[in-house]
Amino acid sequence: MRERSGVGVVRGVLVLLGVLLTGCQSPSGGVAEDGRLGGSATGGTTAVSPAPTRPSGYGAVFLAVGECSSFGTTSFTEVPCTGERAAARVVARHDGTVRDGPRCPEATDFVLHISEQRPASDEDGDGAVPQGYACMRNLQPPHPGDPGGGGGPRTIVGDCVYGSGDGQVRETACDGTGRREPQYKVVRAVTERADCPGPTALYVRLGGKRPVGCARPL
């Protein structure tokens with residue numbers, strides 16, 4: 001009985017020693033950041049480095065939808081929307097040129113034209129920026145893109161215009177605060193001129209699915 005007891009103790013010590021030695025060794029594949037063990041087919045030690053990640057939100061994509069820019073339409077930077085330098089928010093973002101690309105939403109106050117940028121070295125992770133444009137909405141009033149606001153990249157129903165003298169019309173504020181007094185107001189958008197109501201005095205080109213603006217005199 002004593003001999004069997006002695007053998008059992010020796011085996012127990014050997015097993016415990018094997019567990020301690022195993023715990024001191026590094027796993028063949030290393031330990032990933034999420035706690036999972038990684039292994040290699042050859043059993044050799046492999047160094048695991050975290051994959052580079054790009055930040056989400058501000059800075060991930062230059063002037064993506066929902067991000068903000070500083071003041072200025074020709075010189076501007078992307079800034080956090082909660083910062084004191086934030087002036088306008090991106091409501092739509094497209095590659096290419098305004099002439100060839102989709103139209104900005106009606107609520108757009110102004111358009112930022114983005115030049116193509118291809119840095120020789122990308123140290124900050126921003127990468128190349130293709131040519132494009134961002135449709136912007138001011139964070140605070142005034143909003144010239146609103147109906148009657150007197151500005152914005154589009155003429156919409158509710159806007160006022162005046163004759164520029166060259167057969168063209170230009171937008172101005174309906175409340176008379178613009179440089180020129182309003183002469184006509186766009187009251188309806190239709191597909192053809194024949195669809196305009198009777199008192200229409202001017203047809204304004206709007207574009208889109210209903211390209212004809214029916215304007216009445218003020």
Look at the side-chain heavy atoms of Ile, Leu, Val, Met, Phe, Trp and Tyr, link any pair under 4.5 Å apart, and say whether F110 and V90 land in one connected group.
yes
Determine whether P105 and C135 make a side-chain contact, defined as any pair of heavy atoms from C-beta on separated by less than 4.5 Å.
yes
For the CD atom of Q131 and the OG atom of S115, what is their distance to the nearest 0.5 Å?
7.0 Å
Taking all atoms of both residues into account, what is the closest heavy-atom pair of R85 and T77, and its distance?
NH2-OG1, 3.2 Å
Is any NZ, NE, NH1 or NH2 atom of the basic residue among D146 and R137 found under 4.0 Å from an Asp or Glu carboxylate oxygen of the other?
yes
Would you name the heavy atoms of V204 and A215 that are closest together and state the gap between them?
CG2-CB, 4.2 Å
Tell me, please, which residues at least two apart from T82 pass side-chain hydrogen bond (donor to acceptor under 3.5 Å, both in side chains).
none
Step by step, would you call V212 with D195 a side chain to side chain contact (heavy atoms under 4.5 Å, CB included)?
CA-CA 9 Å; V212 179; D195 297 328; over 6 Å; no
Rounded to the nearest 0.5 Å, the CD1 atom of I114 sits from the CZ atom of R93 at a distance of 3.5 Å
Examine the side chains of N138 and H143 and answer whether a donor and an acceptor come within less than 3.5 Å of each other.
no
Please report the shortest heavy-atom distance between V111 and C104, naming the atom on each side.
CG2-SG, 3.8 Å
Can you see which heavy atom on A86 is nearest to which on C81, and at what distance?
CB-O, 3.7 Å
Taking all non-hydrogen atoms of both residues into account, name the closest pair between C160 and L218 and its distance.
SG-CD1, 4.0 Å
In chain order, what residues pass the side chain to side chain contact (heavy atoms under 4.5 Å, CB included) check against R103, with sequence neighbours excluded?
R154
Rounded to the nearest 0.5 Å, how far apart are OG1 of T172 and CD of E181?
7.5 Å
Same hydrophobic cluster for V187 and L206, using side-chain heavy-atom links shorter than 4.5 Å among ILVMFWY?
no
Side chain to side chain contact (heavy atoms under 4.5 Å, CB included) assessment of R210 paired with T191
CA-CA 4 Å; R210 294 185 294 176; T191 55; 4.0 Å; yes
Spacing of S70 atom OG and E84 atom CD [to the nearest 0.5 Å]
12.0 Å
Treating D159 as the side-chain partner and G148 as the backbone partner, does any N or O pair qualify as donor plus acceptor under 3.5 Å?
yes
Side-chain heavy atoms under 4.5 angstrom apart, residues restricted to Ile, Leu, Val, Met, Phe, Trp, Tyr: same cluster for Y203 and I156?
no
Distance col, row R89:CZ vs L63:CG, nearest 0.5 angstrom, shows 12.5 Å
Quick check: closest heavy atoms across M136 and L112, and the distance to 0.1 Å?
CG-CG, 3.7 Å
Mind checking the OG-CZ spacing from S69 to F62? Nearest 0.5 Å is all I need.
8.5 Å
Can you check side chain to side chain contact (heavy atoms under 4.5 Å, CB included) on R170 and Y162, steps first, answer last?
CA-CA 6 Å; R170 299 185 183 278; Y162 67 92; 3.6 Å; yes
Set of ring-ring contact (aromatic ring centres under 6.0 Å, His included) partners for Y133, sequence neighbours left out
H94
